[in-house]
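Within every chain, numbering begins at 1; the chains are lettered A, B, ... in the order of the sequence lines, protein sequences first and strands thereafter.
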Amino acid sequence: MTTRKVRVRFAPSPTGPLHIGGVRTALFNYLFAKKHGGDFILRIEDTDSTRFVEGAEEYINESMEWLGMTIDEGVKQGGDYGPYKQSERRAIYKKYADQLIETGWGYYAFDTAEELDALRAKAEAEKKTFAYDMHTRQHLKNSLSLSAEEVKQRMEAGEPWVIRFKMPEDTTVKTNDMVRGAVTFNTNTLDDKVLYKSADQLPTYHLANIVDDHLMEITHVIRGEEWLPSVPLHIMLYRALGWEESMPLFAHLPLILKPTGKGKLSKRDGDKGGFPVFPLNWQLEDGIAAGYRESGYFPEAVINLLALLGWNPGTEQELFTMDELIELFDIERVNKSGARFDPDKARWFNQQHLVRKSDDELATLYQSVLKEHGHTPDTTYVSQVVSLVKERVNFVSELWEQSAFFFEAPLSYDAKVVKKRWKGDVPAFMTSLTMILEALEKWDAESIKACIAEHIEENGLGFGLVMNAFRLALVGGGFGPDLMTIAEMIGKEETIQRINNAVEKLA
RNA sequence: GGUCCCUUCGUCUAGUGGUUAGGACGCAAGGUUUUCAUCCUUGAAACAGGAGUUCGAUUCUCCUAGGGACUGCCA
């Protein structure tokens, strides 16, 4: 093979929200392209007019943008190989469909969908399988079984027809898959797939795919494992069209499986397990399908976790930036077997990426959450809060429950902690403590601590007991960062106020 | 049913013709944190089964079992 510039494509169908498995396919294409200094193309495969869904194409673009996968050529971006939407390429496909007829690789068929359905049903009733293939084509309504005159008549009468591929007999087709190695098929087990339909003047996936990949000079086809069985057909099509010399290399990715149970990951699994299956939220008739973005995941975390589902660099590193992934990616290291999705590990990836972000960046994100709670504090203060609590959360949204007390007094107190810590002499002591603190001149963590320690000693109380009660008063529960730092940050007045509040409410 | 693909801890995986089969998530215990979380240490946890090749197989081959995909005028 000559050294062509690497060109890969991600070719989704706009039939709904992009699934996380599709996102990973896109990612592996993207990584491969960037790794080899090639082009990443987005092609919209909308040859099924009946399954078109409004907004799906925009959803795909928005997802790619959010995840940071830059598209070099596509419907939006343009390029020298357009159009990039198959419904706009009708004339192109017709030409090659006709070529297949002329060269004898294809034939016209007039069987209706109903007729074929009936044949399938009948075969099934007899515990057999119906296939439109070398054994049956002579007995069906097509240009192979009908006279040339009848074919002509039917077409002139406006009867709908399709073009089918005449799968040759007894031919061994070999492919050398980049992830699976040698795979061999025999054409005898293959059927005559529909390639083109007169009804909507559009090709089916197979023809459109091969024609476009050839015309767009695609060098590597990286797609899901569900396409592996179509490889022999595709290879035969390249052969039939005379393009075998420049045929792209194939790589079939393993599937992403359900966390538990059988089968591949589906929307239902996400609902059941409480994790997203889509990159972005998607409005459904009966609610919304959760997206990673809206669920609080960082795009870099999603990229990271998806990259490691079916691939690894062979080292023990697990956390990567997109640039590192591009640097390290090797399609040969992609696994062959399906990978179960693990929601726990997904959360872990987000936590890891969160901790690695700067306090300022997180503070900016946190500001919008704070605004929803009616607070618009100083950025420096938020940044300080973030630095104290960021290691205890997985998502930005969880920052609030871990740090609300920095912005407002507790509204309630954790009953368990109250029972355990707010007893005996504690209330009286806390009241006396407010006097002492009132008199404290220098309000910083160190001074507060020294002051309280001294007071505890004078009263002969347990240090742990007092500190936990103090925490309860300031925070409302038994959690949070260093208490003295909290007291320093919320200020003297507020600290005393909260102690008084607690004494009053917990009396 | 047919065709094709796959099979290392519960999960994601590394790995080799001779290893104490390594890491991560999760789980458990201990430590740090006078709290919670983080963090640190430790632990339990795997080569699907059976033949064959070989001095020796988790690693190579075959068979079985299990899992998966496809089997549309869908992609």
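- When Watson-Crick and G-U wobble pairs are counted only if both distances are under 3.5 Å, B:A69 pairs with B:U3.
- Figure legend. B:U16 is base-paired to no nucleotide; pairs are counted as Watson-Crick or G-U wobble with both atom distances under 3.5 Å.
- Distance, A:Q351 CD to B:C39 C1': 11 Å, rounded to whole Å.
- As rounded to whole Å, 12 Å separates atom P of B:C39 from atom CG of A:L354.
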side-chain hydrogen bond (donor to acceptor under 3.5 Å, both in side chains) between A:S87 and A:D46, intermediate numbers included: CA-CA 6 Å; A:S87 57; A:D46 56 347; 2.6 Å; yes
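- Taking a pair to require two hydrogen-bonding distances under 3.5 Å in either a Watson-Crick or a G-U wobble arrangement, B:A48 pairs with B:U64.
- In this structure, A:V162 reaches the bases: a heavy-atom distance under 4.0 Å links it to at least one base atom across the strands shown.
- You'll find that the side chain of A:A339 is closest to B:U13, out of B:U13, B:A75, B:C6.
- Nucleic acid contact class of A:T184 (heavy atoms, under 4.0 Å, all strands): sugar-phosphate only.
- Listed pair A:N312 / B:A14 meets the phosphate criterion, a side-chain N or O lying under 4.0 Å from OP1 or OP2.
- B:C27: Watson-Crick or G-U partner is B:G43, with both key distances under 3.5 Å.
- Cation-pi check for A:K357 over A:F298 is met; the charged atom lies under 6.0 angstrom from the ring centroid and within 45 degrees of its normal.
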From CA spacing to verdict: side-chain contact (heavy atoms from CB on, under 4.5 Å), A:L255, A:L265: CA-CA 8 Å; A:L255 264 19; A:L265 190 63; over 6 Å; no
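- The interatomic distance linking A:N304 (CG) with B:C12 (P) rounds to 17 Å, in whole Å.
- Among the atoms of the strands shown, base atoms are found under 4.0 Å from some heavy atom of A:P481.
- Of the possible polar contacts, none joining the A:N468 side chain to the A:G478 backbone as a donor-acceptor pair under 3.5 Å is found.
- If you measure from atom CG of A:L308 to atom C1' of B:U11, you get 13 Å, rounded to the nearest angstrom.
- Using a 4.0 Å heavy-atom distance criterion, A:D200 is classed as making no nucleic acid contact.
- The residue A:R164 sits close only to the backbone: its heavy atoms come under 4.0 Å of sugar-phosphate atoms, none of a base.
- Among the atoms of the strands shown, none is found under 4.0 Å from any heavy atom of A:G224.
- Under 4.0 angstrom from either OP1 or OP2 of B:G15 there lies at least one side-chain N or O belonging to A:R333.
- Between A:M484 atom CE and B:U33 atom P the separation is 15 Å, expressed in whole Å.
- Distance alone, capped at 3.5 Å, is enough to place a donor-acceptor pair between the A:S145 side chain and the A:L140 backbone.
- Base pairing of B:A57 is not made with any nucleotide, judged by Watson-Crick or G-U wobble geometry with both donor-acceptor distances under 3.5 Å.
- Atom CZ of A:R356 and atom P of B:U38 are 15 Å apart (whole Å).
- The phosphate of B:U13 (OP1 or OP2) has a side-chain N or O of A:N335 nearer than 4.0 angstrom.
- Atom CD1 in A:I486 sits roughly 17 Å away from atom P in B:U33 (whole-Å rounding).
- Listed nucleotides: B:C12, B:C73, B:U35. Nearest to the side chain of A:N468: B:U35.
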Pairwise N/O distances under 3.5 Å, protein to nucleotides 64-71 of chain B:
from  : atom 1 : to     : atom 2 : distance (Å)
B:G67 : OP1    : A:K262 : NZ     : 2.7
B:G68 : OP1    : A:G263 : N      : 3.2

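- For A:F165 against A:Y107, the heavy-atom pair with the smallest separation is O-CE2, 4.0 Å.
- Residue contacts for A:R51: at a heavy-atom cut-off of 4.0 Å it reaches a base atom on one of the strands shown.
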Protein N or O to nucleotides 23-30 of chain B N or O, pairs below 3.5 Å:
from  : atom 1 : to     : atom 2 : distance (Å)
B:G23 : O4'    : A:E316 : OE2    : 3.1
B:A24 : O4'    : A:E318 : OE1    : 2.9
B:A24 : O2'    : A:E318 : OE1    : 2.5
B:A24 : O2'    : A:K345 : NZ     : 3.0
B:A24 : N3     : A:K345 : NZ     : 3.1
B:C25 : OP1    : A:W348 : NE1    : 3.4
B:C25 : O2'    : A:K345 : N      : 3.4

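- Using N1 to N3 plus N6-O4 or O6-N4 for Watson-Crick, or N1-O2 and O6-N3 for G-U wobble, each under 3.5 Å, B:C9 pairs with nothing.
- Ring centroids of A:F395 and A:Y297 are separated by less than 6.0 Å, placing the two rings close together.
- Under a cutoff of 6.0 Å and an axis angle of 45°, A:R43 and A:F10 do not form a cation-pi pair.
- In this model, the phosphate group of B:A75 is approached by a side-chain N or O of A:T47 to a distance below 4.0 Å at OP1 or OP2.
- The residue A:Y205 sits close to a base: some heavy atom pair falls under 4.0 Å.
- When the ring pair (Phe, Tyr, Trp, His ring centres under 6.0 Å) test is applied to A:W282, the partners found at least two apart in sequence or on another chain are A:Y59.
- What separates CG of A:L119 from P of B:G72 is a distance of 12 Å, to the nearest Å.
- When the nucleotides B:C6, B:C5, B:U35 are ranked by their closest atom to the side chain of A:S337, B:C6 comes out on top.
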